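Written out below as structure tokens is the structure these notes cover.
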Amino acid sequence: MYVRHRPDLALFTALGLFAVQLGWFLIGLGHTWSHPAVAWLVLPVMSLLVVLECRRTARCADLDPTTRAFWGRLGLGCALLIPGSLSCMYDALGGPALSQQNSVRTQLIFGCALAVVLWALLRLPTWQRSSADWIRFGLDSGIVVLTTGVLIWHWSLSRIDFTGSPNARPASMLVILMVAAVSLITFVKVAFAGAGGLDRGALHILSLGVALAAASGTMAPFIVDRPYLHTALIAFPMSQITAILAARRQSRRRRRPPVRSVSRRLSLAPYLSVGLLLFAVLETEIPQSGEEARMAVAATVVTLLVVLRQLTTMHENRRLLEAVDHQVTHDALTGIGSRAAYTGELSARLSGGEPFVVALLDLDDFKDVNDRYGHATGDALLQTISRRLRDRLLPGDTVARLGGDEFTLLLPGRTEADTDALLPGLLAVVQEPVLVGDLEMTPRISLGVTASRPGDTAGELLRRADVAMYAAKTAGGGRWTWFDPIMDRLADDDARLAADLRQAIARDELFLVYQPIVELPHGRLAGVEALVRWRHPVHGLVSPAVFIPLAERNGQIVELGRWVLEQAVRQTARWERELGTDAPAKVSVNVSARQLGEPGFPAEVAELLSAAGVDPSRLTVEVTETAVLGTGVALEVLRALSAQGLTIALDDFGTGQSSLSLLVDCPVDWLKVDKSFVDGVTTDSPQAVIVDSLIGITEGLRMQAVAEGVETAEQAERLHRAGYRYAQGYHFARPLPETDIALMITARPVQLT
């Protein structure tokens with residue numbers, strides 16, 4: 001359907017008035033106007049239009065507070081131009097004769113308006129700088145004022161006869177032009193440096209307006225014989241129409257704030273000033289020849305050589321600084337953004353007020369890659385991941401490496417729905433197989449996502465994304481999760497529980513129970529598995545499903561595992577002393593992946609067994625598939641333990657990233673079939689097929705198979721018929737204290753039927 005747009009009357013009015021005023025002034029250069037008041041009436045009208053436009057832009061809700069404040073202050077400065085233009089009109093027309101001189105009253109009003117505009121400009125974030133920056137700005141301004149004054153006087157005012165027009169004074173014109181020059185350099189410096197969420201194009205338009213207004217001031221000496229003309233008649237419209245256009249541009253670009261960057265543009269004002277003054281000196285001295293002319297030429301040449309040398313040095317310094325900047329803002333390994341640059345970008349986006357999304361990525365099991373294949377392979381994987389992330393995102397998005405295997409994304413202007421549409425494809429691309437040399441790996445990543453909120457800081461955003469990322473990792477990895485406030489409560493609970501767990505050993509809150517492993521079919525005790533329990537003083541018995549994963553995440557599993565191993569070895573020694581040959585033949589202890597990665601772990605176990613006087617063959621080390629698969633260090637540790645005489649059991653077989661090659665590479669003596677397969681053994685199910693097949697594999701590899709989680713006599717009988725000789729589960733006994741194990745040894749064996 002065709003939509004008819006309403007005409008922009010305010011803009012058309014401003015452009016029409018500007019065209020009329022420009023035409024009136026140009027015609028006046030060759031025509032004497034008998035009613036000059038007509039042109040003056042246009043000035044307050046255009047000033048009012050500027051005030052209304054600035055006020056409208058300052059009320060845009062999509063702009064950040066700093067930008068809105070700037071346009072509000074600019075509107076205030078332009079509002080002062082309304083009485084200023086009326087005062088200037090009175091000066092020109094109110095006397096007995098037409099005048100081109102501004103009264104002190106008019107100059108004060110214009111000075112106040114200019115001060116407000118410069119104050120608004122210098123309040124922008126770009127100028128919230130160090131004292132050294134302010135000193136350089138003051139020096140540049142002083143150089144411009146002095147040079148402008150000297151050159152204007154030398155090439156213009158000193159060569160014009162003002163006696164024919166007593167209403168135009170060269171001193172007042174000189175002051176106006178120098179102030180305009182200072183205003184111009186202020187606008188130009190801020191425009192090129194950028195400032196907060198203020199549109200850079202709008203600043204360039206404002207700078208152009210100041211430049212045109214300043215340039216129109218140079219016409220004063222050439223219209224001294226035309227009292228019906230005044231430089232204000234052209235300077236006002238130039239600055240006002242550009243202010244209106246700049247405000248319009250800011251309104252249109254409010255949803256796309258610029259990304260601020262550090263600018264090291266060389267300030268040319270001092271060098272340009274030196275060059276112009278030297279040119280003026282040469283122009284004065286050379287025609288006179290003599291010693292003064294030769295000294296002027298020599299001084300000029302030396303000065304130019306010194307300036308050239310300084311510029312060369314500054315160029316080299318700037319190049320070195322840019323190289324250092326690149327090193328600081330880019331990750332050395334991957335070439336994408338660094339943590340420092342990303343944090344700065346987050347702060348800039350937050351100050352701009354535009355909504356955006358932050359995502360934190362972490363590679364699952366990246367440590368295993370480094371341990372098994374080496375850091376060079378790990379580095380190649382990180383480079384591939386970073387390249388895939390960078391290629392998948394839009395030009396306005398940001399990707400950075402925080403360190404290790406953590407990456408982070410900044411996605412501006414995206415809603416939750418937009419992000420949910422992006423992430424599946426992003427994960428699919430990143431998790432495609434990676435070929436490093438002859439090795440193929442399939443990376444998996446966990447990703448936490450959060451959206452910016454008013455009042456956020458960069459640290460808070462990254463914290464929320466980190467909490468969500470760990471929630472995704474806990475849920476199994478290879479997925480993304482949005483931050484939910486409930487995650488903070490759960491994280492606080494985990495933190496308090498982790499703090500209590502650190503004290504649990506010292507407070508004697510931990511204890512071991514032992515679940516029997518029996519022989520089939522008679523149920524005679526073949527061994528026990530040591531299991532840790534925690535009796536919390538407030539929460540009572542805390543489930544191992546809660547505190548074991550918590551200990552894995554925060555690293556306490558090493559200390560906890562060492563305590564369990566020590567207690568189990570000591571108990572084994574006590575049973576040997578008290579029960580003799582009736583003591584459990586095997587005592588199994590679960591060992592985590594982190595324990596296997598601890599330096600000197602085999603030596604620690606050997607020393608513990610020797611001190612307790614326990615035969616290594618009585619101790620069984622139980623490890624999971626995920627603890628061993630893909631980690632060369634873990635395999636070497638298990639081989640060392642096996643060489644000492646310990647038995648190695650592969651626990652929960654079938655639940656991890658199962659690989660039959662692991663049964664060949666790892667020195668496995670016992671294969672513990674997971675309960676999830678045992679549950680279906682009495683039915684015609686795929687689980688039953690797997691249970692039957694594993695017996696053939698274990699017999700062929702000369703291993704012992706243990707069925708876990710046996711809960712019924714029917715399951716026990718079916719497993720025995722399939723060829724299983726060992727089992728454990730609630731059908732035989734629940735985990736028991738060490739005293740009950742001694743009683744069980746002398747009790748009647750558990751019957752299958």
Side-chain angles (χ1 to χ4, degrees), residues 323-343 345 358-395 397-411 422-448 462 465-466 469-470 472-473 476-480 593-594 596-597 599 625-637 656-659 661-662 665-666:
V324 172
D325 259 357
H326 187 274
Q327 293 176 1
V328 172
T329 58
H330 290 75
D331 179 60
L333 175 64
T334 62
I336 59 177
S338 65
R339 185 187 190 98
Y342 184 82
T343 304
E345 176 69 7
V358 168
L360 187 66
L361 295 81
D362 183 86
L363 271 71
D364 299 335
D365 303 320
F366 178 70
K367 183 178 182 297
D368 296 343
V369 176
N370 280 337
D371 289 344
R372 183 173 186 182
Y373 304 114
H375 288 277
T377 300
D379 290 347
L381 178 60
L382 293 176
Q383 291 169 342
T384 301
I385 295 297
S386 64
R387 184 171 59 253
R388 289 176 176 178
L389 289 171
R390 185 174 52 213
D391 293 344
R392 185 70 181 181
L393 299 178
L394 297 176
D397 300 334
T398 301
V399 57
R401 181 183 175 218
L402 295 186
D405 60 334
E406 282 191 340
F407 296 85
T408 186
L409 311 177
L410 191 153
L411 310 173
L422 167 72
L423 292 181
L426 182 69
L427 281 178
V429 169
V430 173
Q431 296 184 150
E432 290 178 353
V434 177
L435 188 63
V436 180
D438 296 331
L439 176 66
E440 183 178 285
M441 295 174 291
T442 302
R444 297 174 74 251
I445 63 173
S446 298
L447 195 152
L462 288 174
D466 188 61
M469 184 269 290
Y470 273 103
K473 192 178 288 288
R479 67 192 69 197
W480 79 90
R594 291 205 180 194
L596 294 177
E625 300 170 46
T626 52
V628 182
L629 190 64
T631 58
V633 173
L635 287 173
E636 291 302 322
V637 170
Q657 300 172 343
S658 300
S659 173
S661 64
L662 183 61
D665 297 333
C666 185

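Quick caveat, the model's predicted, so the values are computed rather than measured.
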**Message:** Main chain of Gly478, side chain of Asp364: is a donor-acceptor contact present, judged purely on distance under 3.5 Å?
**Reply:** yes
side-chain contact (heavy atoms from CB on, under 4.5 Å) involving [X] - partner list, sequence neighbours excluded:
{"X": "Ala593", "answer": "Ala627"}
{"X": "Arg594", "answer": "Glu552, Ile557, Val558, Ser592"}
{"X": "Pro433", "answer": "Glu440, Thr442"}

With a 4.5 Å limit on heavy-atom distance, are the side chains of [X] and [Y] in contact?
{"X": "Leu361", "Y": "Leu389", "value": "yes"}
{"X": "Ile445", "Y": "Phe407", "value": "no"}
{"X": "Val429", "Y": "Asp391", "value": "no"}
{"X": "Leu363", "Y": "Leu381", "value": "yes"}

**Request:** Starting from the C-alpha separation in whole Å, work towards a yes-or-no answer on side chain to side chain donor-acceptor pair (under 3.5 Å) for Ser446 and Asp362.
**Result:** CA-CA 5 Å; Ser446 298; Asp362 183 86; over 6 Å; no
**Request:** Could you pull out all residues at least two apart from Asp405 that satisfy salt bridge (charged side-chain N to carboxylate O under 4.0 Å, His left out)?
**Result:** none
**Item:** Contacts of Asp397 that satisfy salt bridge (charged side-chain N to carboxylate O under 4.0 Å, His left out) - sequence neighbours left out
**Value:** Arg414
How far does [atom1] of [X] sit from [atom2] of [Y], to the nearest 0.5 angstrom?
{"X": "Arg479", "Y": "Leu423", "atom1": "CZ", "atom2": "CG", "result": "14.0 Å"}
{"X": "Leu402", "Y": "Tyr342", "atom1": "CG", "atom2": "OH", "result": "7.5 Å"}
{"X": "Arg388", "Y": "Glu432", "atom1": "CZ", "atom2": "CD", "result": "5.5 Å"}
{"X": "Leu426", "Y": "Leu409", "atom1": "CG", "atom2": "CG", "result": "6.5 Å"}
{"X": "Leu393", "Y": "Leu411", "atom1": "CG", "atom2": "CG", "result": "6.5 Å"}
{"X": "Phe366", "Y": "Glu406", "atom1": "CZ", "atom2": "CD", "result": "11.5 Å"}

Specify the closest pair of heavy atoms between [X] and [Y], including all atoms of both residues, with the distance to one decimal.
{"X": "Ile336", "Y": "Ala400", "value": "CD1-C, 3.6 Å"}
{"X": "Leu333", "Y": "Leu382", "value": "CD2-CD1, 3.8 Å"}
{"X": "Leu596", "Y": "Ala634", "value": "CD1-CB, 3.9 Å"}

**Item:** Pairs involving residues 332-341, ordered by first then second residue, that meet side-chain hydrogen bond (donor to acceptor under 3.5 Å, both in side chains) (sequence neighbours left out)
**Value:** Asp331-Thr334
